[in-house]
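Written below as structure tokens is the structure these notes are about.
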Amino acid sequence: NKFKGINKDNLYKYLDNKLTLSYTHLDNYNRCKFKYYLDYILKVNIIKNDFSIIIGNICHYLLSCMNNKDFDIDKYFNDYLSKERNLTNRELFFLDNIKEEVVFIINTIKKNIEYTTFDKELYEKNVYVNKDRNIKITFKGVIDKLMYKEEDGVTYLVVIDYKTGNADIKLDNMDYGIGLQLPIYLYLSSKMNFNNPKVVGFYLKKLLVLPTDNKKDFITSKEDTLKLEGYSINVPHILSKFDKTYNDSKIIKSMKTTSKGFYAYSKVLSEEEIDDLIDKTDKIIDKTIDDIINADFTINPKVIDKDNVSCKYCEYKDICFRTEKDITYINRSDKDV
């Protein structure tokens with residue numbers, strides 16, 4: 001199952017001396033270099049059911065347009081679908097239910113406005129970072145939502161990424177370049193032209209999650225599923241600018257305070273730790289780029305604490321024929337960053 005390797009000059013010629021990378025590319029490469037090679041160099045992509053992608057895209061689109069003056073969810077929903085492939089009646093029925101869920105999400109977001117002093121928002125912001133080596137290299141990403149407040153020469157900033165699929169906010173695989181979704185969007189926000197930016201938080205907002213708390217009424221439990229999940233600054237007077245209810249937050253999951261300070265399960269970081277995350281992410285991106293342009297496409301799936309994070313959802317098992325000695329075993333503690 002081994003190959004002799006790729007000539008770098010041939011690789012650059014094949015790529016037309018340019019390469020574009022995103023979070024997904026980075027994550028796939030660091031899970032298994034050979035999988036990245038199949039997916040993004042040879043483009044041996046397996047055709048998948050695209051309906052889940054349509055669901056994600058339409059949710060993102062509607063949420064990005066919700067503050068438009070002419071926003072009408074039925075009109076925007078139908079306009080978006082008119083540009084998609086022909087959908088089955090079953091898919092249309094399901095999407096109509098999704099539309100109703102988005103109505104609830106939008107109403108919840110608007111309700112939460114009273115809990116923040118942030119008064120500016122940006123949606124679907126494309127960010128491009130020049131990472132040129134001996135070929136042109138661009139690292140790119142789309143930030144779903146940026147909320148910010150300009151005050152006394154400082155731009156207080158919150159980064160939000162919408163997720164309709166599975167997502168994890170843990171950063172315990174960061175050293176291996178895996179699961180960097182939140183740090184990547186934090187990093188991209190640092191490359192935007194804000195005046196004296198100060199990050200207050202970076203979060204995921206999980207959409208279309210079923211409520212599971214039977215101790216609360218259904219609506220309250222459903223609103224709880226839409227709370228932001230991620231990391232906040234540990235400076236109360238700064239955090240309060242974004243979340244006036246941070247003592248027992250109505251918008252951030254597990255954010256509370258006690259007489260001794262932040263609640264044990266509140267995920268808070270110092271300004272220095274946030275800056276270190278940005279710097280560390282930049283170095284991981286650089287290392288990944290250097291490995292790619294060195295044509296390193298080894299079969300090297302990762303097993304982290306007995307969990308195979310590379311092969312269990314991989315479509316290419318019948319191509320790589322990986323053996324036991326190909327696997328990279330990693331042991332680490334379960335402690336979160």
Cut-off 3.5 Å, side chains only: do [X] and [Y] have a donor facing an acceptor?
X    : Y    : value
N195 : E150 : no
T220 : D217 : yes
D39  : Y316 : yes
N30  : Y176 : no
Y128 : T20  : no
N234 : S270 : no
T298 : D296 : yes
Y40  : N28  : yes
S22  : H25  : yes
D326 : N1   : yes

Determine the interplanar angle of the F297 and Y36 rings, folded into 0 to 90°, and report it as parallel if under 30°, tilted if 30 to 60°, perpendicular if over 60°. parallel
Would you call the rings of Y23 and Y185 parallel, tilted or perpendicular, where under 30° means parallel and over 60° means perpendicular? tilted
Is the backbone N or O of D70 less than 3.5 Å from a side-chain atom of N68, with the two atoms forming a donor-acceptor pair by type? no
Is there a side-chain contact (heavy atoms from CB on, under 4.5 Å) between L21 and I285? Walk through the geometry before answering. CA-CA 9 Å; L21 297 171; I285 293 170; 5.9 Å; no
Test log, rule salt bridge (Lys or Arg N to Asp or Glu O under 4.0 Å), inputs E121 and K149: CA-CA 9 Å; E121 296 177 351; K149 176 186 180 69; over 6 Å; no
For V142 and K125, what are the C-alpha separation, side-chain angles and deciding distance, and is it a side-chain contact (heavy atoms from CB on, under 4.5 Å)? CA-CA 5 Å; V142 182; K125 293 303 295 181; over 6 Å; no
Is it the case that more than 12 heavy atoms not belonging to [X] sit under 6.0 Å from its [atom1] atom?
X    : atom1 : result
K2   : NZ    : yes
F94  : CZ    : no
K140 : NZ    : no
K120 : NZ    : yes

Could you walk me through whether D144 and I160 pass the side-chain contact (heavy atoms from CB on, under 4.5 Å) test, one step at a time? CA-CA 6 Å; D144 290 335; I160 299 172; 6.0 Å; no
Minimum-distance pair of heavy atoms, taken over all atoms of [X] and [Y]:
X    : Y    : value
F93  : N97  : O-ND2, 3.0 Å
I284 : L26  : O-CD1, 4.2 Å
R31  : G179 : NH2-N, 4.3 Å
T257 : F262 : CG2-CD2, 3.9 Å

V200 vs L157, test: side-chain contact (heavy atoms from CB on, under 4.5 Å). Steps then yes/no. CA-CA 6 Å; V200 180; L157 184 67; 5.9 Å; no
Please assess E223 against K111 for the test salt bridge (Lys or Arg N to Asp or Glu O under 4.0 Å), listing each intermediate value before the final yes or no. CA-CA 10 Å; E223 288 175 344; K111 179 180 176 181; 3.2 Å; yes
Would you say the rings of Y156 and F118 are close, in the sense that their centroids are separated by under 6.0 Å? no
Quick one, V102 and I73 - any side-chain contact, counting heavy atoms below 4.5 Å? yes
Going by salt bridge (charged side-chain N to carboxylate O under 4.0 Å, His left out), name the residues that satisfy it together with K43, two or more places apart in sequence or in a different chain. none
